[in-house]
Amino acid sequence: MGYSRVLVVARSQRPLLDTALFDAVRDDRDSVVTLWPRPGGWQTAEFHHEVLDDLDEVLREVVHWTGAPACVASVLDSDLAWVLGLAPGAERWEAWLNVGNAAALLTHAPDDVDDPIHYYVTAEFEAAMARTRAELEAGIPDASRAVLAWARSAGFGEGVTAEAVEDVLRSKETFAEELFAILLERLGFPAPVDPEGGRAIAV
């Protein structure tokens, strides 16, 4: 089994879990943990998927509560991640990491297929998945510009090009959670730091 979690990244001088949105799970360490922070008040909370129903709502509530940009990454079995980002007064953006795996997830058997399990090993499925991937890849340039604009609204991204962000969105890693960390690093976010020892870790 790979890594399946929802990561919420936000900036606040108060603990991120203090928001009322997380009242039901704040003290449930089986459902949520707080990861090492990043300098500047940036926090990351890691949730089990089943405790967060609507990631759009989570993102909007976190941005409203913090008054700062935030993003949410839903990682599925380390294979792929769906990432959403929002800044105050801006449009929400979304991007897929490990786009080939995302295309497979988003390609469904037609309603008139009698044996959906068999469909996923057919040439028809491969062709449909290729079309889905082409659609996802066509949206990457716009997503890259939106991601970079979001990072700049957070005070990062200086000297970073949309093409550099696009390289990350088109790349493939064995572990999608590592690709999410690479995306934040590419955007200029500082590395997480051990709150007890002050030691940064590579991302």
Do side-chain atoms of [X] reach the backbone of [Y] as a donor and acceptor pair under 3.5 angstrom?
X: N98; Y: E173; value: yes
X: W150; Y: A70; value: yes
X: R5; Y: S74; value: no
X: R26; Y: D18; value: yes
X: T122; Y: Y119; value: yes
X: R11; Y: W42; value: no

Side-chain heavy atoms nearer than 4.5 Å, only ILVMFWY residues, links allowed to pass through others: does that put [X] and [Y] together?
X: L55; Y: L184; result: no
X: L169; Y: I182; result: yes
X: L86; Y: L84; result: yes
X: L179; Y: V147; result: yes
X: V75; Y: V33; result: yes

If the condition is salt bridge (charged side-chain N to carboxylate O under 4.0 Å, His left out), which residues does [X] pass it with, not counting sequence neighbours?
X: R170; answer: E166
X: R14; answer: none
X: D142; answer: R145
X: D30; answer: none

With a 4.5 Å cut-off on side-chain heavy atoms, are [Y] and [X] touching?
X: V160; Y: L148; result: yes
X: C71; Y: F180; result: yes
X: V25; Y: F47; result: yes
X: L59; Y: V8; result: no
X: V72; Y: V6; result: yes
X: V62; Y: F22; result: yes
X: L97; Y: W82; result: no
X: L80; Y: W96; result: yes

Any residue meeting side-chain hydrogen bond (donor to acceptor under 3.5 Å, both in side chains) with [X], in chain and number order, not counting sequence neighbours:
X: S153; result: none
X: S12; result: none
X: Y3; result: E46

What pair of heavy atoms forms the shortest contact from [X] to [Y], and how long is it?
X: A109; Y: Y120; result: N-OH, 3.2 Å
X: A143; Y: A95; result: CB-CB, 4.5 Å
X: R38; Y: P192; result: NH1-CD, 3.5 Å
X: T107; Y: A128; result: CG2-CB, 3.7 Å
X: S31; Y: D28; result: OG-OD2, 2.7 Å

[atom2] on [Y] to [atom1] on [X], rounded to 0.5 Å:
X: N101; Y: L106; atom1: CG; atom2: CG; value: 11.0 Å
X: S4; Y: L76; atom1: OG; atom2: CG; value: 6.0 Å
X: R186; Y: D167; atom1: CZ; atom2: CG; value: 6.0 Å
X: M129; Y: E124; atom1: CE; atom2: CD; value: 13.0 Å
X: L35; Y: L16; atom1: CG; atom2: CG; value: 10.5 Å
X: H108; Y: T132; atom1: NE2; atom2: OG1; value: 8.5 Å

Discussion item. Which residues pass the side chain to side chain contact (heavy atoms under 4.5 Å, CB included) test with F175, not counting sequence neighbours?
Written reply: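 If we apply the side chain to side chain contact (heavy atoms under 4.5 Å, CB included) test to F175, skipping adjacent residues, the hits are S78, E177, E178.
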Discussion item. List the residues meeting side chain to side chain contact (heavy atoms under 4.5 Å, CB included) with T34, not counting sequence neighbours, and say none if there are none.
Written reply: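 Expected list: L17.
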Practice prompt. Among residues two or more places apart or on two chains, list those pairs meeting side-chain hydrogen bond (donor to acceptor under 3.5 Å, both in side chains) that have a residue in residues 54-67.
Written response: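 Found D56-R92.
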Discussion item. Heavy-atom count check: over 12 atoms from other residues, nucleotides or ligands less than 6.0 Å from E50 CD?
Written reply: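 Yes.
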Discussion item. Enumerate the salt bridge (charged side-chain N to carboxylate O under 4.0 Å, His left out) contacts for residues 97-123, please, sequence neighbours excluded, ordered by first and then second residue.
Written reply: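 The answer is none; no pair qualifies.
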Worksheet entry | salt bridge (charged side-chain N to carboxylate O under 4.0 Å, His left out) partners of residues 129-138, not counting sequence neighbours, each pair once |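 Counting only pairs at least two positions apart or across chains, the salt bridge (charged side-chain N to carboxylate O under 4.0 Å, His left out) contacts touching residues 129-138 are R133-E137.
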Worksheet item: Hey, what's the ring geometry for F189 with F156, parallel, tilted or perpendicular (30° and 60° as the breaks)?
Response: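 Geometry flag for F156 against F189: tilted rings.
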